[in-house]
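Notes for the one structure printed next.
Note that the coordinates shown come from a computational prediction; the quantities given were computed from them, not determined experimentally. This chain uses plain numbering: 1 for the first residue, then up along the sequence.
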Amino acid sequence: MTSATTTSLLPVDRTLGVVLAVLLVVATGVAAYAHLADERENYARGIAVAGLRAALQLAVVSLLIGWVVRYLPALLAFVAVMYAVAVWTAGRRITRDRSWRWAAVPIGVSALPVVALLVLTGLVPLDGIALIPVAGILIGGALTATVLGGRRALEELHSRHGEVEAAMALGFEDRDARLEIARPAASGALVPGLDQTRTVGLVTLPGAFVGMLLGGASPVMAGAVQLFVLVALLVVQAVAVSSVLELVARGRLTRGVE
């Protein structure tokens, strides 16, 4: 790595720690002042816990990552853990009942085939460190789309249950009646990914692009990788939202009892 690149990175020192702590306190304070919360979570507390967990988890991963990438079984196990945590997080965000386990389906059928395709085509080496960040980006995208799609679909069905019953009275099957009501709400989960893709390079410079530039790659290569990531995420998120919508419509994913 060149000296110019090194100086452009964040210095890992006391100043960075202080700034991070201040930012976390500000975020927590703003959420508390505005009483940001829903029926499930107080977001001031959630922000504080999330920040502390992120620090701890990244510290552990930073220590393990060098060892993990040397051994194929450890590498695959790490990806499996990423998938399991994503399923748990998405499922418990969507519902409090036992149907949360169905979150494994939209995350699995959307992210894992794309990861497998990249490995089989040789675009991502199976025995290198590239697999972990790529798998993480795709699984993370599936997690977000699954949570947003699932929650919005269930909330819409809950608030408009009378319209669902009316559609069923008109002869719609249960699944079709639920789809008619839930589909527009669940489809909104695609908006963040679409907006990010539409505005890339104009409003945002996402992490893959910036990371490659900081690592010494050419702007053309960084742009190609970022485009690949964005398109792959569009596929993953579309499949995840479609899958979670189908699960909700078929009554597999249900609204938990509060």
Reported CD1-to-CG distance for the pair Ile107 and Leu138, which is rounded to 0.5 angstrom: 12.5 Å
Minimum heavy-atom distance Ala32-Ala44, with the two atoms named: N-CB, 3.6 Å
Cationic N near anionic O, under 4.0 Å, Glu180 to Arg160: no
Spatial distance of atom CG (Leu245) from atom CZ (Arg152) [nearest 0.5 Å]: 13.0 Å
Joint cluster assignment, Leu118 & Val229, ILVMFWY side-chain distance < 4.5 Å: yes
Gap between atom OG1 of Thr28 and atom CG of Leu23 - 0.5 Å precision: 10.5 Å
Min side-chain heavy-atom separation Leu230-Gln196 under 4.5 Å: yes
Sub-4.5 Å side-chain heavy-atom contact between Pro192 and Thr144: no
Side chain to side chain donor-acceptor pair (under 3.5 Å) against Gln57, all qualifying residues, sequence neighbours excluded: Arg53
Distance, nearest 0.5 Å, that separates CZ of Arg101 from CZ of Arg92: 8.5 Å
Student check: side-chain heavy atoms of Trp100 and Val87 closer than 4.5 Å: yes
N/O donor-acceptor pair under 3.5 Å between Thr146 side chain and Ala240 backbone: no
pair Leu131-Val115: side-chain heavy atoms closer than 4.5 Å: yes
Residue pair Ser99 / Leu253: nearest heavy atoms and the distance that separates them: O-CD2, 3.2 Å
Neighbour count >12 (heavy atoms, 6.0 Å) for atom CZ, Arg45: no
CH2-OG1 distance between Trp102 and Thr95, expressed to the nearest 0.5 angstrom: 14.0 Å
Hydrophobic cluster membership, Val68 vs Val119, 4.5 Å side-chain cutoff: yes
Electrostatic pair Arg252-Glu246, nearest N-O below 4.0 angstrom: no
Shortest non-hydrogen separation from Pro106 to Leu247 and the atoms involved: CD-CD1, 3.6 Å
Closest approach of Ala142 to Ala111 (non-hydrogen atoms, all atoms of both residues): CB-CB, 4.1 Å
Side chain to side chain, Phe172 and Leu179, heavy atoms closer than 4.5 Å: no
For Val109 against Val239, the heavy-atom pair lying closest together: O-CG1, 3.8 Å
More than 12 heavy atoms of other groups within 6.0 Å of Glu173 CD: no
Where Met82 and Ile139 come nearest, the two heavy atoms and their spacing: O-CG2, 4.1 Å
Pair Leu24-Leu20, side-chain contact (heavy atoms from CB on, under 4.5 Å): steps then yes or no: CA-CA 6 Å; Leu24 184 58; Leu20 286 174; over 6 Å; no
hydrophobic_cluster_shared for Leu123 and Ile132, side chain cutoff 4.5 Å: yes
Any donor-acceptor N/O pair, Asp13 side chain to Leu16 backbone, under 3.5 Å: yes
Expected output: side-chain Arg255 to main-chain His158 donor-acceptor under 3.5 Å: no
Connected via hydrophobic side-chain network under 4.5 Å: Tyr33 and Val26: no
Same cluster (ILVMFWY, side-chain, under 4.5 Å), Leu190 and Leu233: no
Rounded distance (nearest 0.5 Å) linking atom CG of Leu75 with atom CD1 of Ile65: 8.0 Å
